[in-house]
Amino acid sequence: MAERAGKAHLQAMPGLSIVWFKRDLRVADHAPLAAAAAAGPVLPLWIVEPGLWAAEEASARQYLFQAESAAELCADLAVLGQPLVVRAGEPLAVLSALAEAMPVRAIHAHQESTGERDFARDRAVRAWAREAAIPFHEHRQNGAIRALPSRDGWAARWERFTRAPVLPAPATLAPLGLDPGTIPHPQALGLAPDPCPGRQRGGRRAAEALLWSFLADRALPYRRAMSSPLAGWASCSRLSPHLAAGTLSVREAAQAARRARDGESGGLAEGIDSFLTRLAWHCHFIQKIETEPAIERSAMHPAYAGIGGAGPGEPVFEAWAAGRTGWPFLDACMRCLVETGWLNFRARAMLVSVAAMHLGLDWRAVGLHLARLFTDYEPGIHWSQVQMQSGVTGVNTIRMYNPVKQGFDQDPEGAFVRRWVPELRALPGRLALEPWRAGGAAGYPAPIGDHEALARAARERLWGVRHGPAYRAAADAVQARHGSRRSGMRQVGSRRPPAQPRLELGE
DNA sequence: AGTGCAGTTGACTTT
DNA sequence: TAAAGTCAACTGCAC
């Protein structure tokens, strides 16, 4: 083994620090790398975990994005002196094998806010490291805070975190002469073939290009254009897969955005401000899974625990997943997602809401299917959003999207629908959004149901749960645990913000 | 020119 | 990040 071959040379060293790269595939603003490099020789390690990639929410498109990012990280580290070392296996086995083969003085990694499987993995590594007397340092990488006692004051802490200095990459790394290993093919990990011709490319260069083009001009129509899946491709930052893989840090993005905004006024400054708000929301949602990893599995509000619904293999689910519901705008969004791995926020919300509400699909099955299609799958954001758009959080109102109205609002000319649903290309203008008015289109299904009647039934079903007994107290607990403290939002104990004094009442 | 009325628009509330 | 319902103000038009 490579570890053994280099042993004599390595044993002579005073000890090296392992930097365990996870979803933080960059050299800049990387606290574990900076801390390890300050202490001596560094072994930069990327572990390809079969267990992680065998998970239900994992897909080849996510893996390939990370693999591309890791390959570029390897080159960036090579320039510093020690390229990335890639090992396949479960982290506990890989780390303990390394620690037996060479003197490891410490392990540095970022904290990850993920579902229960990865939390358990990190807990096991911590226990092993304690046992082996190897210091295991976990650094913060975004606005999510471990062991947060309360949400109060969170926004100020996010500001402070993102305004702290960006850490430079180390100047040099001592070469270790280890076998660099190879990045496995997705099939070797058992990942299903996942053609995604429009997928974004991984890597730091792509992240930087997106960031600079967004801040220079693409952000100008952001507020207006981000709601449309057609305009959103150009006018949204599309940095989400990079933030998920860590080719760019939230802090780097926030500081670049603030600098770009300070030299601007008007539309571009407004677009960048909106982007900054969304960067904070990014961390706000990751905080939810950090606080409660079970949200990937169970509804935040216990009253919805048994809500269930149709899943894979059932015709309704398959029609939704294939983009063949007969509602053109919804189908276009699904097909666009399948082929590009990305959709703007609003379109994602509609896909979930129609699935869980109109079609009565199981929210967790819906979430798993969409997770695999999102190149930018980020557990905390994803499961918070799926639960919210399915109406099972018990907080916020039930937001039900009308799949036909959304088409009229977001794609009034029908261009997006014609682009992604070829069966409707012959229908001009708005007719593509309502092919039933043209007597249908060859090869395209009739609507799977009367969306207005389905919406009514879903509304009654979901509100029915809310009107049941013992609902209120549990809802307040969810709000206290996860709710934003943004001023003006309803807080526990007060049903609405205090009324402003009104002069004309003159009591 | 003023009046009545149907239809529209926007602000706000409810689900 | 929704949609439907309510209500008041407004608009265009006929008389």
Side-chain angles (χ1 to χ4, degrees), chain A residues 222-232 235-237 240 270-271 273-286 288 300-301 303-304 307 327 329-330 333 337 342-359 363 366-367 370 374 376 378 380-411 433 449-468 471-472 475 479 482-484 486 488-490 494-500 502 504:
Chain A
Y222 184 60
R223 284 191 184 177
R224 184 168 38 81
M226 69 172 139
S227 290
S228 153
L230 191 58
S235 300
C236 290
S237 77
S240 52
E270 286 176 15
D273 272 332
S274 297
F275 172 70
L276 276 164
T277 304
R278 277 158 184 77
L279 273 182
W281 282 108
H282 173 101
C283 298
H284 165 84
F285 287 113
I286 293 175
K288 292 181 197 251
M300 287 183 201
H301 196 295
Y304 292 99
I307 192 154
W327 294 318
F329 186 65
L330 186 88
C333 288
L337 172 60
W342 185 87
L343 266 185
N344 64 319
F345 174 83
R346 194 187 193 89
R348 295 182 191 210
M350 181 187 67
L351 284 182
V352 174
S353 150
V354 173
M357 297 177 181
H358 299 70
L359 301 179
W363 67 266
V366 164
L370 290 175
F374 292 146
D376 59 18
E378 171 67 60
I381 301 175
H382 182 70
W383 290 110
S384 302
Q385 291 299 329
V386 167
Q387 290 212 27
M388 198 181 302
Q389 310 302 350
S390 302
V392 299
T393 63
V395 292
N396 307 322
T397 193
I398 292 170
R399 292 185 206 283
M400 193 175 280
Y401 289 70
N402 178 328
V404 177
K405 178 183 176 294
Q406 287 297 317
F408 294 151
D409 293 348
Q410 307 305 330
D411 184 30
L433 298 166
D450 171 353
H451 70 83
E452 283 170 344
L454 291 168
R456 263 194 306 279
R459 214 171 272 124
E460 280 170 28
R461 195 170 74 241
L462 290 166
W463 282 109
V465 174
R466 289 203 175 196
H467 293 141
Y471 179 88
R472 183 76 234 154
Q479 171 69 28
H482 293 296
S484 165
R486 204 158 48 114
M489 296 197 88
R490 204 178 79 194
S494 66
R495 295 187 70 81
R496 57 188 65 220
Q500 296 298 310
R502 289 166 71 171
E504 65 266 33

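Lettering of chains follows the sequences in order, A, B, ..., and the numbering in each one begins at 1.
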A/Phe408 CZ - C/dA3 P separation (whole Å): 12 Å

Figure out the NE2/P separation between A/His467 and B/dT14, and round it to whole Å. 12 Å

A/Asp409 CG to C/dA2 C1', straight-line distance once rounded to whole Å: 10 Å

Of the listed nucleotides B/dT15, C/dA2, C/dA3, the one nearest the side chain of A/Arg346: C/dA2

A/Glu460 atom CD is separated from C/dA3 atom P, nearest whole Å, by 18 Å

Using whole Å, what does the distance between atom C1' of nucleotide B/dT15 and atom CE of A/Met400 come to? 10 Å

Taking the side chain as C-beta and beyond, is there a heavy-atom pair between A/Met357 and A/Leu462 under 4.5 Å? yes

A/Lys405 vs C/dA2: side-chain N/O to OP1/OP2 distance below 4.0 Å: no

Salt bridge A/Arg278-A/Asp273, side-chain N to carboxylate O under 4.0 Å: no

Indicate whether any N or O donor in one side chain lies under 3.5 Å from an N or O acceptor in the other, for A/Gln406 and A/Arg346. yes

In whole angstrom, what separates A/Arg348's CZ from C/dA2's P? 17 Å

So, is A/Gln406 close to the C/dA3 phosphate, meaning a side-chain N or O under 4.0 Å from OP1 or OP2? yes

In the structure I gave you, are the side-chain heavy atoms of A/Trp342 and A/Leu337 within less than 4.5 Å of one another anywhere? no

Hey, does A/Leu462 reach any base, or is it just sugar-phosphate, or nothing, if we go heavy atoms under 4.0 Å? nothing

Grab the CZ-P distance between A/Arg456 and C/dA2 for me, whole Å please. 21 Å

Whole-Å distance separating the NE2 atom of A/His451 from the C1' atom of C/dA3: 12 Å

